[in-house]
Amino acid sequence: MTDGPAGIGEPGDRWGASVSASVPEAGIPPTEPPPPEQGTAGATFVQRGDRIFRFLATGSGAFVVALIGAIGVFLLIQAIPPLLQNNANFLTSRQFEAGDPNNLHFGILDLLLVTVEVSLFALVLAMPIGLGIALFLTQYAPAKVARPFGYMVDLLAAVPSIIFGLWGLFVLAPVIQPFALWLQDNLGWFFLFSPGNVSIAGATVFTAGIVLAVMILPIITAISREVFARTPRAHIEAALALGATKWEVVRMTVWPFGRAGYVSASMLGLGRALGETIALMIILAATPAIFTGSLFDGGATFASKIALSFAELNNNLSAGAFIAAGLVLFVLTFLVNAAARWVIARSGAKA
Amino acid sequence: MSTTVDLDKSATAPTFTGISAGRKARNTVATVLMTLAFLIALVPLVWVIWTVVSQGIAAIASSSWWSQSLNGLLARQAGGGAYHAIVGTLLQGLVCAIIATPIGIMVAIYLVEYGAGTRLARATTFMVDILTGVPSIVAALFVYAVWISIFGLPRSAFAVSLALVLLMLPVVVRSTEEMLRIVPDDLREASYALGVPKWKTIVKVVIPTALSGMLTGIVLALARVMGETAPVLILVAYAPYINFDIFGGNMASLPLMMTVERTNPTDAGADRLWGAAITLILIITIFQLLAAFLSKVTAPKTK
């Protein structure tokens, strides 16, 4: 489309009034008025309409760019005053006490550790399954059922996260509790499986990670699926002609082609996991004890801590302390998402 | 007799050999694993839906559920309904859609029709991607920082709608952009050739052609944001009564009702909790069906 004789990408500005206006070339500034021929009033009106519309469209585009900047700036403005009055080290303290504006003690170390551990645990569970589903739907499932099957996986994304949270705590946790205990008994010497710091059965990073894995599965699957489906037909047929089995076709053509897309999809899933709020707020048990790194610990992530405490806040200083935590979360997800986009853009197999 | 020829045996070794047992086995294992991965994903889907339906069906079966609020009822009292929360969810979603849709469509028009290839367009695309990944709690904190901390306005349903706009906007942009891109250039060129100005071409030719897919995307985006809990938790307080005023006062919504009733240990609380859950799922399902219906109805007629 771009190099056709009447390519439409650029020369859009001057379809003003007249057929006899000089042939528009790409890059002519829109300000140059065309020679009006029939009815000056009509011609200027058309020009004005075009200019207004163009301005609105461009303005909306710029607005989105400004919006991201504004999120960072406004969070920072609100976060600075409480950070200056903070009596604990923001980065290394493990306690987050921001309820009393006259005595702020808040640090994000534990929040960060819990957030990262639960997200990575979810990612480790979801990545292989997501890969399997994406390959199944694009390469194995018969074309007729691939669409409805894909729709079913997408439905997981439509279930509100609060419902996943309730299901995780009330239904899933009791069911997986025996398995959790078994892990604790047999692998307890390893720090991930050592006994945790909460007494409520199942309200742990372990349960939360499994629920989170279910929630990021549709994200990983959807994007990987798109990339895998775009494997050039000729590559697949060439491999088949050489006598490759289905699995060898996948390994030699589909996987090298879609690998970057899959990595990027997983990172987007990680970004989603880092910021997940309500499901984790419901599942994770709040505990005053410090985080030991075990999967059977309770605790709070950035998002769940904010959601848990924010509704009662009524002064700007306390709110600002939580906004500071939110800012760290924003930066974290920004970096993960930007890296994901970078990976996919560099690989060429654009999703 | 000395030269017997076995006519059944080939003269040379076969060119193609069968697939070795090892390769066959690996192929089978891979097929099984991938099918299994898909089945594993269906387990939580079916399980969650079953949980919600079996626990909540009793609550929504009563007629008062759809027509009454919880005003004046004690935590342990059965009865009442979720009308107040349904109203709140729909109202907040509607206001959000009214704000997010035009902006989202204009951004998509900019990306496809005006900005293609420019630096601002690249920046916009990148920022839309980033906005897709902004956690709902961060969007809520941003609105809190601007609307409540800096402007000094009270918590209100409108603030919730603003936060939802941040979450809905990128989805609208993405789906609209995709739809605009598949509008054939022939249509645009035909319109330009007739002397139709660009903006009129967009409004009268490009958008009607893409309308079907755009509407689907918008309704689906709306269905997604209505289940968001973090913004309502932070930006508005729960009210057990009906409130239509989005700029003032407390307002319920289904997710907020669930977080409140979650801490209610009585039977009535459990009924309300799962009743709200199934209602929320029902509303989202209705919107999804509506999206499919709209895309059928508004699809450009082929002659």
Side-chain angles (χ1 to χ4, degrees), chain A residues 1 6 8-9 12 15-16 19 46 49-50 53-54 56-58 60-62 64-65 68 71 74-75 78 129 132-133 135-136 140 152-153 155-156 158-160 162-163 166-167 171 214 217 245-247 268 271 275 277-278 303 306-307 310-311 316 319 323 326 329-330 333-334 337-338 341, chain B residues 19 23 26-27 30-31 33-35 37-38 40-42 44-45 48 51-52 103 106-107 109-111 113-117 120-121 123-124 127-131 133-138 141-142 145-146 149 185 188-189 192 195 197-199 223 227 229-230 233-234 255 258 277 280 284 288:
Chain A
M1 286 302 159
I8 267 319
W15 305 101
V19 212
V46 163
D50 248 358
F53 202 74
R54 187 192 176 87
L56 282 178
T58 314
S60 303
V64 172
V65 177
I68 295 285
I71 292 178
F74 279 105
L75 292 186
Q78 291 295 306
I129 296 179
I133 297 170
L135 287 175
F136 174 78
Y140 285 83
M152 285 159 88
V153 178
L155 267 186
L156 273 180
V159 177
I162 184 168
I163 291 178
L166 294 172
W167 169 75
V171 182
V214 174
L217 208 51
T245 61
K246 189 95 202 175
W247 165 241
L268 291 177
T277 310
I278 297 301
I306 297 167
F310 211 86
N316 279 352
I323 287 177
L329 175 64
F330 176 60
T333 49
F334 183 99
N337 281 307
R341 301 292 169 185
Chain B
I19 297 169
R23 287 173 65 201
R26 240 170 291 165
N27 190 36
T31 310
L33 280 181
M34 281 168 204
T35 316
F38 174 68
I40 288 177
L42 292 188
L45 180 67
V48 166
T51 305
V52 172
I103 301 178
M106 285 315 271
V107 173
I109 288 176
Y110 169 71
L111 288 176
E113 307 286 339
Y114 289 100
L120 178 61
T124 307
M127 288 309 179
V128 170
D129 284 343
I130 294 297
L131 204 54
V134 166
S136 54
I137 189 104
V138 171
L141 284 180
F142 169 62
V146 176
S149 285
D185 273 351
R188 296 190 181 90
E189 284 159 19
Y192 294 150
K198 179 160 186 161
W199 72 276
T229 315
L233 203 57
I234 285 184
M258 289 165 73
L280 187 57
I284 290 174
Q288 300 238 356

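No hydrogens, no waters, no symmetry mates; every other heavy atom, side chains included, goes into these values. Quick caveat: nothing in here was measured; it's all calculated off a predicted structure. Naming: A, B, ... by sequence-line order, numbering from 1 per chain.
Using a 30° and 60° split on the angle between ring planes, B/F38 and A/F136 fall in the parallel class, below 30°.
For B/I19, the part lying under 4.5 angstrom from a heavy atom of chain A is the side chain only. In this structure, no portion of A/L268 lies under 4.5 Å from any heavy atom of chain B. Both the backbone and the side chain of A/T58 come within less than 4.5 Å of a heavy atom in chain B. Interface residue B/T51: only side-chain heavy atoms are found under 4.5 Å from chain A. Heavy-atom distances place both the backbone and the side chain of B/V128 under 4.5 Å from chain A. Looking at B/I284, the atoms closer than 4.5 Å to chain A (heavy atoms on both sides) all sit in the side chain, from C-beta outward. Heavy atoms closer than 4.5 Å to chain B are found in both the backbone and the side chain of A/F334. Only the side chain of A/V153 has a heavy atom closer than 4.5 Å to any heavy atom of chain B. Both the backbone and the side chain of A/V65 come within less than 4.5 Å of a heavy atom of chain B. For B/L111, no part lies near chain A; criterion is any non-hydrogen pair under 4.5 Å. Proximity to chain B is limited to the side chain of A/L217, based on heavy atoms less than 4.5 angstrom apart. For chain A, the nearby parts of B/L131 are the backbone and the side chain; heavy atoms of each come within less than 4.5 Å. With a threshold of 4.5 angstrom between heavy atoms, A/T333 approaches chain B through side-chain atoms but not through N, CA, C or O.
With sequence neighbours left out, the side-chain hydrogen bond (donor to acceptor under 3.5 Å, both in side chains) criterion links B/T229 to no other residue. Considering only residues two or more places apart in sequence or on other chains, A/N316 meets the side-chain hydrogen bond (donor to acceptor under 3.5 Å, both in side chains) condition with B/S149.
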(request) Evaluate the side chain to side chain contact (heavy atoms under 4.5 Å, CB included) criterion for residues B/L141 and A/F310: first the C-alpha distance (whole Å), next the side-chain angles of each, then the deciding distance (0.1 Å), finally the verdict. (result) CA-CA 9 Å; B/L141 284 180; A/F310 211 86; 3.5 Å; yes
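Of the possible polar contacts, one joining the B/K198 side chain to the B/E113 backbone as a donor-acceptor pair under 3.5 Å is found. Here the side chain of B/N27 pairs a donor or acceptor atom with the backbone of A/W247 at under 3.5 angstrom.
Residues A/F74 and B/A145 share a closest heavy-atom pair of O-CB, 4.1 Å. In this structure, B/A230 and A/I278 approach most closely via the heavy-atom pair N-CG1, 3.8 Å.
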